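Here the structure is a predicted model, which is why all the values come from computation and not from measurement. Every chain is numbered from 1 and lettered A, B, ... according to where its sequence line falls, protein lines coming before strand lines.
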Amino acid sequence: MATAYNHRAIEQKWRKNWEEHPVNVQDGKKPKYYCLDMFPYPSGSGIHVGHWRGYVISDVWSRYKMLQGYYLIHPMGWDAFGLPAENYAIKMGVHPAKSTAENVAHFKEQLSQISAIYDWDREVNTTDPEFYKWTQWIFVKMFKEGLAYEKEFPINWCPSCKTGLANEEVVNGVCERCGTPVTKKNLRQWMLRITKYADRLLNDLDKLDWPEKVKKMQTDWIGKSYGAEVDFPVDGRDEKITVYTTRPDTLYGATFMVLAPEHKLAASLAVPETKEAVEKYIYESSMKSNVDRLQDKEKTGVFTGSYAVNPLNGAKIPIWLSDYVLADYGTGAIMCVPAHDDRDFEFATKFHIPIIQVIAKDGKEIENMTEAYTEASGTMINSGEWNGMESSVLKKEAPHIIEKRGLGRATVNYKLRDWVFSRQRYWGEPIPIVHCPKCGNVPVPEDQLPLRLPDVESYEPTGTGESPLAAIDEWVNCKCPVCGADAKRETNTMPQWAGSSWYFLRYVDNKNTEELVSKEKADKYLPVDMYIGGVEHAVLHLLYSRFYTKFLYDIGAIDFDEPFQKLFNQGMITGKNGIKMSKSKGNVVSPDDLVRDYGCDSLRMYELFVGPPELDAEWDERGIDGVYRFLNRFWKLVMDNKDKNVEPTKEMVRVRNNMIHTISQRLENFSLNTVISAFMEFNNRMIDMAKDGGMDRKTLETAVILMAPFAPHISEELWEQLGHTGSVFANTWPEADKAAMAEEEIKIPVQVNGKTRAVIEVPADISKEDAIAAGKAAVAGKISGTVIKEIYVPKKIINLVVK
RNA sequence: GCGGGUAUGGUGGAAUAGGCAGACACAAGAGACUUAAAAUCUCUCGAGGGCGACUUCGUGCCGGUUCAAGUCCGGCUACCCGCACCA
């Protein structure tokens with residue numbers, strides 16, 4: 001009687017064994033494969049079954065690559081700066097460094113249950129001064145290249161987090177982190193000139209093997225548009241207003257102009273009769289929050305009393321102010337063509353402004369227009385010398401025509417804004433800049449980095465727009481590194497994204513004190529081949545990382561300009577009814593009990609079995625029984641047959657090769673849930689075959705190797721039980737022998753008028769005539785009428801059309 | 001509003017390239033083993049009709065193409081995600 005499957009003993013045994021005899025070793029010949037997980041923020045609540053999924057997916061993929069002969073870079077680290085640790089510090093008075101260290105230890109412990117093949121020698125932690133030294137170094141380099149600059153302007157401000165936010169961190173007008181409506185606050189900010197990289201960030205998406213969805217999101221976020229800036233003189237004044245438009249073809253249809261209330265000329269355009277109303281409107285707009293402005297369904301506005309002159313035809317058009325025009329996009333002013341733009345149409349209708357159609361719809365002018373005609377297709381009308389042209393053609397030519405005639409310029413615009421990079425909080429990397437009254441902004445010399453984060457008495461953000469660091473006089477007051485004069489340190493810190501924008505580079509050379517990463521190691525191990533994580537980072541983290549990588553490429557620190565070749569977004573594991581797992585909802589499922597009762601191997605496989613890896617899945621832990629039963633049956637099959645020395649039959653060889661083929665193919669397609677199904681099916685098949693006489697050893701061994709990436713512990717143990725001394729991972733991923741897979745007899749359904757009426761078993765190489773004859777014979781009794789058509793798809797189906 | 005995705009039994013899901021819909025599991029029911037329970041093993045398991053061999057219907061809804069449609073085309077509906085006055 002063979003021993004039963006004891007997951008606890010086996011898993012303990014092999015964990016220890018792997019520690020003593022690592023299986024991922026470089027022999028000097030293997031090519032590298034870098035498989036990266038998005039590193040976690042080590043929160044106090046630990047990891048749940050949802051976190052497991054991503055880590056299991058990446059580990060299965062890593063171990064598969066290892067079996068294919070690669071040397072793995074599969075590291076793990078900690079994105080440990082950030083608000084929760086700081087808020088905890090405010091509440092409990094515990095230094096964030098201390099609570100972070102505790103959380104990291106706890107996380108690491110929980111992570112070890114997954115038995116992922118992480119190389120802990122490569123571990124990084126963004127809060128480690130030896131790490132953030134390089135985060136600061138990158139900032140200094142950016143500053144020197146003119147990519148980091150200071151600017152005072154109204155930024156997104158979260159009143160709850162008491163800090164400024166990047167555009168990317170504002171979701172539907174509320175703070176991405178806490179959900180508080182975001183307001184505007186005039187603050188001096190550090191900015192990163194990510195817009196300088198807009199075109200490269202856009203164009204290089206083509207090089208990447210990423211989900212189309214993520215590429216689309218980044219494309220939309222960058223938001224490149226082609227158009228023209230057109231200069232409109234202000235009637236009766238020696239001034240002009242420049243507008244940006246993507247539809248210069250409709251210039252003849254402009255019947256008014258609208259400026260954002262924040263436009264620098266807004267107030268000055270008022271005339272005595274409108275002065276009061278204009279000032280009131282500007283004031284009220286400034287009081288509105290982002291949410292209010294977004295939620296205003298009906299357009300508001302005020303006429304300034306001034307007119308602009310259409311440079312093309314000299315028409316005088318009224319200048320209005322309205323907050324539907326954004327101050328920080330384009331020029332903050334637009335020309336309005338109500339006939340061909342929905343928003344302008346709405347505004348014109350409300351304020352009784354004339355509408356002039358300039359593109360014919362279906363060849364004619366629309367009577368009683370009820371909505372704007374927004375297509376750029378049709379013949380130009382009411383457009384002077386442009387009459388008769390096709391609008392789609394004119395749309396492309398107009399910017400150049402306008403430029404040639406000196407009325408404006410062909411222009412490109414982006415929705416992407418520069419990155420607001422400073423935060424008014426404590427727990428982040430200090431920005432390494434000294435403000436000197438004589439020299440201005442001076443970076444901390446590179447040999448003085450890291451600029452350490454000092455201890456403070458109070459972590460509480462001041463709320464005034466100053467970081468808690470501003471209260472530490474002995475830290476703030478310093479000497480200018482250039483002239484030695486009394487100077488002050490920058491007290492803002494960096495956003496959490498700073499460290500995560502480049503951490504993946506550091507893993508391959510994490511102990512280097514001289515360089516961010518050595519050339520030699522960068523060339524050897526970078527870039528990342530496969531990056532696995534949630535979609536929530538589709539824009540923020542992934543865009544920032546690409547920007548950082550391109551910058552480091554430009555200054556010669558690395559030789560590649562895209563960090564992640566392939567990206568996979570795993571779906572979320574949710575609680576009942578698709579509700580996101582969270583502590584506050586009380587629906588968090590801890591893996592601890594499941595690992596104890598079923599074992600790591602069972603949970604690993606079940607995490608994959610719940611559904612397609614890219615889709616969300618509702619957690620239902622009852623299903624894990626199925627996987628556990630399967631592992632028990634597989635164990636028993638191998639143990640019962642390992643010593644029988646059965647000669648493989650043709651059928652066994654066929655099953656073996658079929659198994660290799662099916663598993664490999666599904667794995668390559670990342671259809672991990674169906675890989676598990678396939679294991680179960682082949683297991684059932686083998687158990688069935690073993691009933692008379694047993695199974696051959698080679699097929700059992702093959703199954704064990706194929707299982708190894710998924711259930712590494714049981715596979716190691718069974719490999720040993722099969723009489724081998726080395727690790728199962730010392731094997732090479734098997735290849736299927738296509739010839740051995742071929743069936744001699746195949747089953748073909750026979751349909752009559754598309755409905756299956758019989759299934760015949762025939763030789764695989766049967767001729768068309770013989771197949772149809774056999775099919776006809778099989779359904780002879782079920783045909784009433786004459787066969788008028790015979791369909792035979794080789795090895796697939798026979799269909800007889802009967803009338 | 002715009003863009004993307006999804007819709008299949010009681011449940012999770014499967015179905016290369018248009019070819020037997022429901023693989024593999026979960027749950028449920030029946031049986032075997034057991035003093036009993038657990039575990040394990042065997043069987044049933046989309047809906048309707050028929051004693052039965054069988055048969056009709058069935059992949060969100062309406063229509064189409066095809067010998068053949070979950071899969072392709074046209075038109076909807078619901079839910080989810082992203083963007084959201086970017087001129």
Same-atom distance (C1') from B:G82 to B:G75, integer angstrom: 26 Å
5'-most by nearest nucleotide on RNA chain B - A:Lys755 or A:Asp341: A:Lys755
Plane angle bin for A:Phe303 and A:Trp320 - parallel if under 30°, tilted between 30 and 60°, otherwise perpendicular: tilted
Distance, P atom - from B:A21 to B:A69, rounded to whole angstrom: 10 Å
Protein-to-nucleotide contact annotation, 5' to 3' order, nucleotides 12-27 of chain B [B base; S sugar-phosphate only; - none; under 4.0 Å, heavy atom]: BSS-B--BB--BBSSS
A:Glu607/A:Arg53 ion pair, N-O < 4.0 Å: no
Parallel, tilted or perpendicular, as decided by the 30° and 60° cut-offs, for the rings of A:His7 and A:Tyr628: perpendicular
Side-chain ion pair, A:Asp593 and A:Arg596, N-O less than 4.0 Å: yes
Sole residue of A:Thr250, A:Ile356, A:Asp249 in side-chain contact (heavy atoms from CB on, under 4.5 Å) with A:His340: A:Thr250
B:A87 phosphate, OP1 or OP2, under 4.0 Å from A:Tyr324 side-chain N/O: no
A:Lys215 side chain near B:G82 phosphate (N/O to OP1/OP2, under 4.0 Å): no
Bracket notation of RNA chain B in which parentheses pair within the strand, [ ] cross earlier pairs, and | pairs with another strand (Watson-Crick or G-U, under 3.5 Å): (((((((..(((......[....))).(((((.......))))).((((....))))..(((((..]....))))))))))))....
Pairing of A:Lys415 and A:Asp220 as salt bridge, 4.0 angstrom limit: no
Spacing of A:Asn753 atom CG relative to B:U66 atom P, expressed in whole Å: 15 Å
Conformer about C1'-N of B:G9 - syn within 90° of 0, anti elsewhere: syn
Touch class at under 4.0 angstrom, heavy-atom based, for A:Arg757 against every strand present: sugar-phosphate
Nearest-angstrom distance, C1' atom, B:U44 to B:G22: 16 Å
Side chain of A:Met217 - closest among B:G82, B:C85, B:C67: B:G82
